[in-house]
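Keep in mind the model is a prediction, meaning the values are calculated, not measured.
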Amino acid sequence: MLTNDTGRRKKDDPEESEPDTDSGSETEEEVDSDPEAEVEAETDSPETVDRVPPAEAMRNAVEQLTELLGRSPESVSALRPTENGWTAQVEVLEIERIPETTSVLASYEVALSADGQLLGYERGKRYTRAQVDQNDR
């Protein structure tokens, strides 16, 4: 390696593309690019997903499921945040009967994106309105 009397590389050194570590100073471009790269890495991570608030997620689940099924849900019995958004458990009246205690309801699991858009749904168990879960004893 070619050096001058200060210990720095000379301009004709073939390794001159490496930064000068003796001066302790960084170029303006180097200083500006590092924080931007960190910000981009933070926004791409799944931990920084901006979710809609829980109440809005519940409303979105009810509205979008109503549009798809043509029936209005009776209630949202569960709402959980997930890695990619929300999962809701929605109770829907499937068959209306008299007396009401014999009406048939179904429990739907609804997947919502972080911004509250419906990603998918699946009907789970069906039950009569009068039916009580065995775990509630």
Side-chain angles (χ1 to χ4, degrees):
M1 171 169 65
L2 302 171
T3 58
N4 60 18
D5 57 3
T6 63
R8 294 185 180 179
R9 293 187 184 133
K10 292 183 180 178
K11 292 196 182 225
D12 58 335
D13 187 353
E15 297 178 331
E16 75 177 355
S17 62
E18 293 181 21
D20 184 9
T21 56
D22 292 332
S23 67
S25 66
E26 296 179 350
T27 64
E28 193 173 311
E29 183 180 79
E30 291 173 334
V31 172
D32 290 341
S33 66
D34 289 341
E36 288 173 11
E38 289 176 18
V39 169
E40 286 177 18
E42 288 175 12
T43 57
D44 290 341
S45 72
E47 296 170 9
T48 60
V49 172
D50 288 333
R51 287 188 182 87
V52 295
E56 187 177 339
M58 287 175 66
R59 280 191 299 274
N60 288 345
V62 167
E63 288 172 9
Q64 293 175 58
L65 196 59
T66 299
E67 187 177 329
L68 290 171
L69 297 177
R71 297 182 198 98
S72 295
E74 298 249 325
S75 66
V76 176
S77 57
L79 181 68
R80 292 177 299 281
T82 64
E83 202 172 286
N84 300 320
W86 296 96
T87 298
Q89 203 71 34
V90 182
E91 310 305 317
V92 178
L93 178 63
E94 296 254 309
I95 302 170
E96 191 170 3
R97 293 186 178 153
I98 297 175
E100 284 187 7
T101 55
T102 61
S103 293
V104 177
L105 288 95
S107 183
Y108 285 83
E109 184 168 319
V110 179
L112 300 165
S113 64
D115 63 351
Q117 296 302 307
L118 188 129
L119 298 174
Y121 70 95
E122 181 177 2
R123 184 175 72 188
K125 67 179 183 171
R126 292 178 77 183
Y127 57 96
T128 62
R129 188 181 297 277
Q131 186 177 341
V132 179
D133 287 340
Q134 297 298 322
N135 297 335
D136 288 346
R137 290 185 190 191

[X] versus [Y], closest heavy-atom pair with distance:
| X | Y | answer |
| --- | --- | --- |
| S113 | W86 | O-CD1, 4.0 Å |
| Q64 | L118 | OE1-N, 2.6 Å |
| S72 | V92 | O-CG1, 4.5 Å |

Is it the case that one hydrophobic cluster holds both L65 and I95, taking links as side-chain heavy atoms less than 4.5 Å apart, direct or via other members? no
Between L119 and V76, is there a shared hydrophobic cluster once you connect ILVMFWY residues whose side-chain heavy atoms come closer than 4.5 Å? no
List, one per line, each side-chain donor-acceptor pair under 3.5 Å for residues 105-112, sequence neighbours excluded.
residue	atom	partner	partner atom	Å
S107	OG	Q89	NE2	2.8
S107	OG	E91	OE2	3.2
Y108	OH	E94	OE2	2.6

Counting heavy atoms not belonging to E96, are there more than 12 under 6.0 Å from its CD? no
With heavy-atom distances below 4.5 Å as the criterion, would you say the side chains of [X] and [Y] are in contact?
| X | Y | answer |
| --- | --- | --- |
| L93 | R129 | yes |
| P73 | T66 | yes |
| Y121 | L69 | yes |

